[in-house]
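Have a look at the structure below before the remarks.
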Amino acid sequence: MKTQVAIIGAGPAGMMLAHMLKRAGIDCLVLERRDRAYVEGRVRAGVLEQTTVSILENLGLADRLKREGLPHDGFSISCDGKQFRIDLAGLTSGSRVTVYGQQEVMKDLFDAAPARGLDVVFDAENVALHDIDSSSPSVSWTKDGRSHRVACAFIAGCDGYHGVSRAAIPATVISEHEKAYPFGWLGILAEVPPCSHELIYASHERGFALASMRSQSRSRYYIQVGLDEDIEAWPDDRVWDELAARLGPDADAHMKRGPSFEKSVAPLRSYVCEPMRYGRLFLAGDAAHIVPPTGAKGLNLASSDVLFLAEALITHNKTGSTSALDEYSQRALARVWKAERFSWWFTHLTHRFPTSTSLERKLQIAEMDYLAGSVAARTALAENYVGLPLAGELHHRPR
Ligand SMILES: Cc1cc2nc3c(=O)[nH]c(=O)nc-3n(C[C@H](O)[C@H](O)[C@H](O)COP(=O)(O)OP(=O)(O)OC[C@H]3O[C@@H](n4cnc5c(N)ncnc54)[C@H](O)[C@@H]3O)c2cc1C
């Protein structure tokens with residue numbers, strides 16, 4: 001078997017890249033360890049930057065997103081129960097985010113694949129990369145007990161944090177930067193209307209909470225919990241009571257309670273591997289970097305990575321020049337590090353750390369007070385939240 005680009009992983013990064021390459025006439029094959037239902041069913045990201053929406057629009061994959069996605073022009077921050085608003089659109093000359101679940105994005109990417117002749121091999125076991133530092137790499141896997149191998153010109157490692165691609169790079173040629181946070185997020189999904197038409201990020205003496213949503217009738221809530229928290233110790237009533245305490249009286253007054261149909265604890269991590277390339281292997285998305293979900297950046301970074309990578313591969317395909325491929329890692333990392341910084345900062349501002357002293361809590365409260373009173377501070381938050389430009393300067397002039 002032969003293909004131009006072997007893509008490992010059919011998450012958002014792998015599937016968006018496959019659509020981009022296929023549209024440009026570049027042959028590719030996607031290898032995914034799990035089945036479609038598993039990948040599509042994972043409850044994860046929910047907030048899309050305009051850049052991600054534009055990528056899906058350009059791929060002709062945004063019809064349902066435009067119908068069902070919820071554009072948000074702002075969000076609220078609650079500090080010990082008192083709320084103020086971040087006017088995203090007003091502070092960034094009209095930029096906004098769209099609430100549309102990762103499950104829906106995956107459904108749209110998968111649904112369109114067969115008609116576009118896009119090959120995805122699900123249930124590919126034992127995926128292994130070969131000769132990635134040579135001019136003729138290949139990828140092997142097994143499926144239904146049979147061995148397969150595809151020769152390719154390039155490999156895109158889009159297989160997430162625990163995938164095989166990054167592990168195939170010799171440890172001596174990459175630098176890894178990492179921080180594991182001493183807490184996790186307990187998330188629930190419930191078939192109840194959201195308590196607010198915009199998201200509420202809460203910093204409270206008892207810990208962080210987030211009121212989010214997936215639609216007008218489906219709510220997504222999170223609370224900060226200990227890393228070793230037993231989920232059995234969190235029956236729904238306890239979760240709702242804790243949300244009410246942390247989000248504050250305004251949110252509580254409008255909070256509709258109901259049975260959760262999904263409940264899980266996710267750890268929080270900041271991680272970057274650099275460079276994002278070794279030989280003919282290019283890493284993209286969570287395979288190369290992880291952000292804590294506070295800034296809603298993970299899926300959005302995966303989208304911008306593969307946009308840069310697709311542009312470089314298309315340029316190489318048209319002209320034979322490798323300069324865009326050579327610049328890929330640097331170009332992607334410039335955006336990645338800014339999103340890492342923002343996610344780290346927003347996490348520190350809103351969460352209680354087990355080692356926090358009363359001084360650190362007072363400093364958080366002072367920073368919240370500063371944000372509430374300073375247009376400059378709110379503008380800095382807003383322009384990072386809606387997503388920094390793909391290249392160059394910010395074009396808007398804050399009001
Ligand atoms: C609780 C939670 C909330 C989040 N909230 C947000 C948010 O609000 N906004 C946001 O932007 N991001 C958010 N994220 C992050 C976002 O979900 C990820 O950043 C995004 O899924 C990254 O996409 P990816 O394609 O790079 O990796 P993944 O989605 O991890 O996809 C990688 C794929 O590779 C496959 N794979 C792994 N190993 C192999 C192998 N050996 N062989 C073949 N295939 C393999 C996996 O099965 C998977 O399908 C959140 C994440 C979590 C956990």
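Just so you know, ligand 1 is whichever comes first in the structure, and atom 1 is the first atom listed for that ligand.
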Do the charged groups of K297 and E49 touch, with an N to O distance under 4.0 Å?
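A salt bridge is present here (some side-chain N lies under 4.0 Å from a carboxylate O).
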Would you call the rings of W185 and F208 parallel, tilted or perpendicular if under 30° counts as parallel and over 60° as perpendicular?
parallel
For W344, is there any backbone N or O sitting under 3.5 Å from a side-chain donor or acceptor partner on K179?
no
Will you find, in the side chains of R361 and S203, an N or O donor that is under 3.5 Å from an N or O acceptor?
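Looking only at side-chain atoms, S203 and R361 do form a donor-acceptor pair, the distance falling under 3.5 Å.
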R277 and its salt bridge (Lys or Arg N to Asp or Glu O under 4.0 Å) partner, picked from D133, D326, D305:
D326
Ligand 1: which protein N/O atoms lie under 3.5 Å from its N/O atoms?
{"from": "ligand 1", "atom 1": "8 (O)", "to": "G46", "atom 2": "N", "distance (Å)": "3.3"}
{"from": "ligand 1", "atom 1": "11 (O)", "to": "A296", "atom 2": "O", "distance (Å)": "3.3"}
{"from": "ligand 1", "atom 1": "11 (O)", "to": "G298", "atom 2": "N", "distance (Å)": "3.1"}
{"from": "ligand 1", "atom 1": "11 (O)", "to": "L299", "atom 2": "N", "distance (Å)": "2.7"}
{"from": "ligand 1", "atom 1": "11 (O)", "to": "N300", "atom 2": "N", "distance (Å)": "3.4"}
{"from": "ligand 1", "atom 1": "11 (O)", "to": "N300", "atom 2": "ND2", "distance (Å)": "3.4"}
{"from": "ligand 1", "atom 1": "12 (N)", "to": "G298", "atom 2": "N", "distance (Å)": "3.3"}
{"from": "ligand 1", "atom 1": "12 (N)", "to": "L299", "atom 2": "N", "distance (Å)": "3.0"}
{"from": "ligand 1", "atom 1": "17 (O)", "to": "Q102", "atom 2": "OE1", "distance (Å)": "2.7"}
{"from": "ligand 1", "atom 1": "19 (O)", "to": "D286", "atom 2": "OD1", "distance (Å)": "2.8"}
{"from": "ligand 1", "atom 1": "19 (O)", "to": "D286", "atom 2": "OD2", "distance (Å)": "3.3"}
{"from": "ligand 1", "atom 1": "19 (O)", "to": "G298", "atom 2": "O", "distance (Å)": "3.4"}
{"from": "ligand 1", "atom 1": "19 (O)", "to": "L299", "atom 2": "N", "distance (Å)": "3.4"}
{"from": "ligand 1", "atom 1": "21 (O)", "to": "R44", "atom 2": "NH1", "distance (Å)": "3.1"}
{"from": "ligand 1", "atom 1": "21 (O)", "to": "Q102", "atom 2": "NE2", "distance (Å)": "2.9"}
{"from": "ligand 1", "atom 1": "25 (O)", "to": "P12", "atom 2": "N", "distance (Å)": "3.2"}
{"from": "ligand 1", "atom 1": "25 (O)", "to": "A13", "atom 2": "N", "distance (Å)": "2.9"}
{"from": "ligand 1", "atom 1": "26 (O)", "to": "D286", "atom 2": "N", "distance (Å)": "2.8"}
{"from": "ligand 1", "atom 1": "29 (O)", "to": "R44", "atom 2": "NH1", "distance (Å)": "3.2"}
{"from": "ligand 1", "atom 1": "30 (O)", "to": "R44", "atom 2": "NH1", "distance (Å)": "3.3"}
{"from": "ligand 1", "atom 1": "44 (N)", "to": "R33", "atom 2": "N", "distance (Å)": "3.2"}
{"from": "ligand 1", "atom 1": "47 (O)", "to": "E32", "atom 2": "OE2", "distance (Å)": "2.6"}
{"from": "ligand 1", "atom 1": "49 (O)", "to": "E32", "atom 2": "OE1", "distance (Å)": "2.7"}
{"from": "ligand 1", "atom 1": "49 (O)", "to": "E32", "atom 2": "OE2", "distance (Å)": "3.3"}
{"from": "ligand 1", "atom 1": "49 (O)", "to": "R42", "atom 2": "NH2", "distance (Å)": "3.1"}

Which value, rounded to the nearest 0.5 Å, describes the distance between E274 atom CD and H289 atom NE2?
11.0 Å
